[in-house]
Amino acid sequence: MRSRQSGLSLVELMIAMVIGLVGILAMTQAYLTSDRFNRSTTGEGSAQTGGLIALYQMERDLRMAGYGIASSSALGCGTIDWYYQPNYSASIQSGSPLPTLTLAPVTITTNGTNPDVVTVMYSTTAERLMPTSISSFNASSSEVTVDGVYGFNIGDLILLVNSTGTTRCTLGKITQVQAGPQKLQLNPGASAPYNPPAWGSFPGTYASGDLMLNLGNPVVRTYSINNNKLRVTDALLQAAGAAPLDIVDSIVDLRAQYGLDNGAASGTAGDGRVDEYSNVSPTTTAGWQQVLSIRMGVLARIGVFEKPTSGSNCDATTTARTWSGGTFTKLDVSTVTSEDRCYRYRVFETTIPLRNMIWRAA
């Protein structure tokens, strides 16, 4: 006899659907968990890379800091008087568009809870690292007589340093080298926009015993934080400067300190060892001679938004991040509604010896 066949019952169909839905739910949960770990790992890797690149970029410049300018006799002259046609620096002309320059290998600028700003200065092409002594100076003819012109070339930027009385320093550009009479001309013109006619409004003159440093083609480079990015700006020693360049993303804070051989904390001043770290810039020649290193800390943000574990307020980071020099105060993690609490962070720090300060000319 023909056997009787029947399909699935409604109960069997519902049971199969439930089993399928449970399987889909388990797979979805596994996918979401895997994706969360993947995003977290990717974010950690990006923060690791960004922090290391930021430190490497700044460290490379800091190791060059002071090259060509680290003279014990010149450090501490303070703000540089300089001219770029047709303007004088702010030290002479109020409201000048020219940036303020300080003769120092590294300058740390602090601004409350905001990130520090680090400016590095060094020469890239100076052939003469030792300063030369000025024999006489004729302002009306823009002529300087020195004890030797070796290492000075047309186009080099030089710095005149007043070593007696009120210490000042003035920037100029060499337009002519006279080897016989040992003279250097700082004539004005289109090829030398750093030289005003007949010394212009530069205060004072220079006399026998004062110094001249060959800066060659100096670099004045500033590192800062802008919209959670590490920014670098080259002054180029002119009014416009170079356009700021954002080089590393997700860098939210920057802190720096001078390493001082000042005898603090039961140390011995002048023994070549760092006794104290401080972010207060020296103001005297003796103070700058104590700067042997720079300690820096960088705070990188992991770019993964962390959902709250409970409630509506984020709790991924609830305490301020710290480094050897103190606390990164840029983050607002004390306020429960702050978005800074929704991310995790990585701290990077290093200490860079300033070799040109350690080996500077006495």
Side-chain angles (χ1 to χ4, degrees), residues 64-85 88-89 101-105 120-164 167-200 202-221 234-238 285 356-357 359-362:
M64 286 295 297
Y67 179 75
I69 65 171
S71 168
S72 299
S73 302
L75 290 172
C77 81
T79 302
I80 298 175
D81 296 329
W82 64 294
Y83 171 86
Y84 191 87
Q85 191 174 1
Y88 289 89
S89 59
L101 299 178
T102 301
L103 183 64
V120 184
M121 185 176 186
Y122 60 89
S123 175
T124 58
T125 58
E127 296 181 17
R128 184 187 181 107
L129 298 182
M130 298 292 290
T132 188
S133 179
I134 296 174
S135 300
S136 63
F137 176 76
N138 188 331
S140 60
S141 61
S142 301
E143 182 179 81
V144 187
T145 304
V146 293
D147 62 1
V149 296
Y150 174 78
F152 291 100
N153 299 295
I154 295 175
D156 286 346
L157 291 178
I158 55 90
L159 195 70
L160 303 174
V161 179
N162 192 331
S163 58
T164 60
T167 305
R168 300 191 73 96
C169 42
T170 306
L171 187 72
K173 186 174 183 178
I174 297 176
T175 57
Q176 185 179 358
V177 178
Q178 302 176 26
Q182 306 290 344
K183 293 182 179 182
L184 300 172
Q185 292 291 146
L186 310 177
N187 299 319
S191 62
Y194 298 94
N195 301 332
W199 204 237
F202 281 141
T205 59
Y206 294 87
S208 176
D210 290 337
L211 302 177
M212 175 185 288
L213 275 70
N214 185 8
L215 303 185
N217 182 25
V219 169
V220 181
R221 186 164 294 152
D234 280 311
L236 295 182
L237 302 187
Q238 54 188 346
T285 300
N356 294 301
M357 292 295 293
W359 302 333
R360 69 184 179 273

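Keep in mind it's a predicted model, so treat the numbers as computed, not measured.
Two residues are said to be in side-chain contact when any heavy atoms from C-beta on lie closer than 4.5 Å; Thr175 and Asn195 meet this criterion. By the 4.5 Å heavy-atom criterion applied to side chains, Ile134 and Leu160 are counted as neighbours. Side-chain contact check for Asn153 versus Ile174: every heavy-atom pair is 4.5 Å or farther apart. In this structure, the side chains of Thr132 and Phe152 come closer than 4.5 Å at one or more pairs of heavy atoms. The side-chain heavy atoms of Ile80 and Met121, taken from C-beta on, include a pair separated by under 4.5 Å. Looking at Tyr122 and Pro105, their side chains never come closer than 4.5 Å, going by heavy atoms from C-beta outward. Contact annotation: the side chain of Met64 never approaches that of Thr124 to less than 4.5 Å [non-hydrogen atoms, C-beta and beyond]. The closest side-chain heavy-atom distance from Met212 to Leu184 is below 4.5 Å.
When all heavy atoms of Pro188 and Pro196 are compared, the pair lying nearest together is CB-C, 4.1 Å. The two residues Ser141 and Asn138 make their nearest non-hydrogen contact at OG-CG, 3.1 Å. Considering all non-hydrogen atoms of both residues, Ser208 and Ser135 come closest at CB-O, 3.3 Å. Considering all non-hydrogen atoms of both residues, Ala65 and Val120 come closest at CB-CG1, 3.7 Å. Considering every non-hydrogen atom in both Pro193 and Ala190, the closest pair reads CD-O, 3.8 Å.
Taken to the nearest 0.5 Å, the CG atom of Leu211 stands 9.5 Å off from the CG atom of Asn162. We find the OG-CD distance between Ser142 and Gln185 to be 7.5 Å, quoted to the nearest 0.5 Å. Here CG of Leu171 is found 6.5 Å from CG of Leu215. Values are rounded to the nearest 0.5 Å. With rounding to the nearest 0.5 Å, the separation of CG in Leu213 from CG in Leu103 is 7.0 Å. Residue Asn217 holds its CG atom at 9.0 Å from CG of Leu236, rounded to the nearest 0.5 Å. Distance check: Trp82 CH2 to Tyr88 OH gives 13.0 Å after rounding to the nearest 0.5 Å.
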Kindly determine whether Glu143 and Gln178 satisfy side chain to side chain contact (heavy atoms under 4.5 Å, CB included), including the steps that lead there. CA-CA 10 Å; Glu143 182 179 81; Gln178 302 176 26; 4.2 Å; yes
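With no hydrogens or angles considered, no side-chain donor-acceptor pair links Asp147 and Ser133 at under 3.5 Å. No side-chain N or O of Tyr206 forms a donor-acceptor pair with one of Ser136 less than 3.5 Å apart.
Listed by first and then second residue, the ring-ring contact (aromatic ring centres under 6.0 Å, His included) pairs that reach into residues 170-195 are Tyr84-Tyr194, sequence neighbours excluded.
Contacts of Asp210 classified as salt bridge (Lys or Arg N to Asp or Glu O under 4.0 Å), with partners at least two apart in sequence or in another chain: none.
Between Trp199 and Phe137, a ring centre-to-centre spacing shorter than 6.0 Å is recorded.
A salt bridge is defined here as a Lys NZ or Arg NE, NH1 or NH2 lying under 4.0 Å from an Asp or Glu carboxylate O, and Asp81 with Arg168 meets this definition.
With hydrogens and angles disregarded, a donor-acceptor distance shorter than 3.5 Å links the side chain of Asn214 to the backbone of Gly151.
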